[in-house]
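For reference, the structure is listed below as structure tokens.
All values derive from a computational prediction rather than experimental measurement. All ligand and atom numbering here is 1-based and tracks the order in the structure.
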Amino acid sequence: MHKRTMIQAALAAALLAASSLGLAQDNKFRIGLILPMTGQQATTGRQIEAAARLWMAQNGDTVAGKKVELIVKDDTSVPDVTRRLAQELVVNEKVNVLAGFGITPSATATAPIATQSKTPEVVMAAATSSITEASPYIVRTSFTLPQVSVVLADWAPKNGIKKVVTLVSDYGPGIDAEKYFKERLQLNGGQVTESLRVPLRSPDFAPFLQKVRDAKPDALFVFVPSGAGAAVMKQFVERGMDKAGIRLIATGDVTDDDQLNEMGDGALGVVTSHHYSAAHPSAANKKFVEAFEKANKGLRPNFMAVGGYDGMRVIYEALKKTQGKGGGDALLAAMKGQIFESPRGPVYIDAQTRDIVQNVYLRKVERKNGQLWNVEFDVVKDVKDPGKAK
Ligand code: DHB
């Protein structure tokens, strides 16, 4: 064996030993929650941690005779840090489940650790289609960009939008959004005339928006990750794009409930597609939003919070089903196929793909009682990730 392969084999053995040791050791059930708590993606971490704590406050911390412990780690959205933290959590803290993962590179960097240690990795935020294929131990409770982008590409041409320029963050989810939006729009007789990509870190949208203005499409389609939407919206309005007759359409990441209220009137009328709106009119969601705001000084939950809350439910249910006696494989099996009503609507974890199947809503930003909301006006039910349908 090569030295590198030997080191990898030794590490794999250590990871596996650590995870099986953890099983018999005590009466605790540990969840290692790795999130960006600082830096550009900090709102994702704040939302998911708050949601996980809310779930535990509402459902207790004893499940199937085990005391549930949440261990939160800040990976600052640097994938090498995520991987190191995941390894430490498995080897030293003997976590039973790894969870969180604010961005795609963090989720995929952890995949080999999950596989080697047979630890379920519950992805609560990251949304590139291919993530679940990086390890058979990955289960996702967020969404995928293809899932929401195709729904918007079906809506657009029926609403006078034929020529579109796309603008996405230049990494996994952005490339997924660009590809699936474009393919579906073309299938529907529309056309993407130009595809622009902006860097993930500290993007400057101004030069890209100028290009769009010159190209004069019917609409600009945007994907940027949670936390970056307000900057896009501000510059879109400042450049007078709306006055030039260019509509803004986007995935719901852009009109993020975490920031929407600060975006101002420029956001009014923007149509997006997504799996969750804080304005979703169900009893379960009203209860969720109220409890979340009450526990977090009025902070409105966004789609990240729902991914975290539902991820905790999936973990709790798996622990119950295995009666606190299962290792990683048993927990994983108990996560597959779960069906439940989320604050976002009905969902299930597809047993084959380990990805979430859910409704995708068309929404329009409206002002209600002095606040901005993503108001749902149409729904496509039970959407599977189109990235895996082939
Ligand atoms: C990802 C991150 C986000 O903040 C988001 O809104 C969608 C996708 C990601 O990195 O996968």
Side-chain angles (χ1 to χ4, degrees), residues 34-49 51 75-79 81-83 99-111 121-135 138-149 151-152 166-181 197-203 221-233 250-260 263 272-278 301-308 311 344 355-356 358 360 363 374 385 387:
I34 311 179
L35 293 167
M37 301 305 301
T38 53
Q40 198 173 285
Q41 254 64 44
T43 56
T44 296
R46 178 178 63 171
Q47 287 272 352
I48 293 180
E49 182 183 4
D75 69 0
T76 68
S77 276
V78 176
V81 178
T82 320
R83 189 194 297 109
F101 310 103
I103 57 168
T104 290
S106 294
T108 47
T110 304
E121 174 182 339
V122 179
V123 174
M124 297 169 159
T128 301
S129 172
S130 61
I131 288 174
T132 42
E133 286 156 55
S135 165
I138 292 178
V139 170
R140 173 154 44 198
T141 59
S142 52
F143 72 109
T144 77
L145 268 306
Q147 207 172 33
V148 298
S149 300
V151 170
L152 195 60
T166 61
L167 175 66
V168 303
S169 290
D170 191 6
Y171 77 121
I175 291 159
D176 267 1
E178 178 191 286
K179 175 170 186 273
Y180 283 85
F181 180 85
R197 296 179 182 178
V198 291
L200 172 62
R201 308 273 170 201
S202 319
F221 165 81
V222 179
F223 162 80
V224 291
S226 187
V232 176
M233 194 70 72
T251 64
D253 310 73
V254 175
T255 55
D256 186 348
D257 272 305
D258 188 79
Q259 299 187 316
L260 182 60
M263 293 185 194
T272 56
S273 57
H274 229 207
H275 56 294
Y276 179 68
S277 163
N302 70 357
F303 61 103
M304 294 301 185
V306 153
R344 67 186 104 177
D355 228 330
I356 190 160
Q358 57 193 333
V360 174
R363 314 97 50 85
N374 291 297
D385 172 34

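Looking at D253 against ligand 1, only its side chain comes within 4.0 Å, counting heavy atoms. Neither the backbone nor the side chain of F101 comes within 4.0 Å of ligand 1, counting heavy atoms alone.
Relative ring orientation between F223 and Y171 is described as tilted, the plane-to-plane angle lying within the 30° to 60° band.
Of the protein's non-hydrogen atoms, the one nearest atom 4 (O) of ligand 1 is S226 N, 3.0 Å. Atom 11 (O) of ligand 1 has as its closest protein heavy atom T104 OG1, 2.5 Å. Given atom 1 (C) of ligand 1, the protein heavy atom at minimum distance is Y171 OH, 3.5 Å.
T144 contributes a side-chain N or O that, together with a main-chain N or O of Q147, makes up a donor-acceptor pair within less than 3.5 Å. For T38 (side chain) and T76 (main-chain N/O), no donor-acceptor pair under 3.5 Å exists by modelled atom type. At least one donor-acceptor pair under 3.5 Å links the side chain of R363 to the backbone N or O of Y276. Judged purely by atom type and a 3.5 angstrom limit, D176 uses its side chain to pair as donor or acceptor with the backbone of S129. Remark: the backbone N or O of A250 is not paired with any side-chain donor or acceptor of T272 at under 3.5 angstrom.
For ligand 1 and G102, the ligand atoms under 4.0 Å from any heavy atom of the residue are 2 (C). Residue-ligand proximity, I103 to ligand 1, at heavy-atom distances under 4.0 Å covers atoms 9 (C), 10 (O). Taking every heavy atom of F303 and a limit of under 4.0 angstrom, the matching atoms of ligand 1 come to 6 (O). Atom numbering of ligand 1 starts at 1 in the shown order; those under 4.0 Å from a heavy atom of M304 are 3 (C), 4 (O), 5 (C), 6 (O). Taking every heavy atom of A126 and a limit of under 4.0 angstrom, the matching atoms of ligand 1 come to 9 (C), 11 (O).
Test T104, T108, I103 against S106 for side chain to side chain contact (heavy atoms under 4.5 Å, CB included) and you get one pass: I103.
Contact check for D257 versus F303: no side-chain heavy atoms found under the 4.5 Å cut-off.
For A228, the heavy-atom gap to ligand 1 stays at 4.0 angstrom or more.
On a distance-only criterion, V224 and ligand 1 share no N/O pair closer than 3.5 Å.
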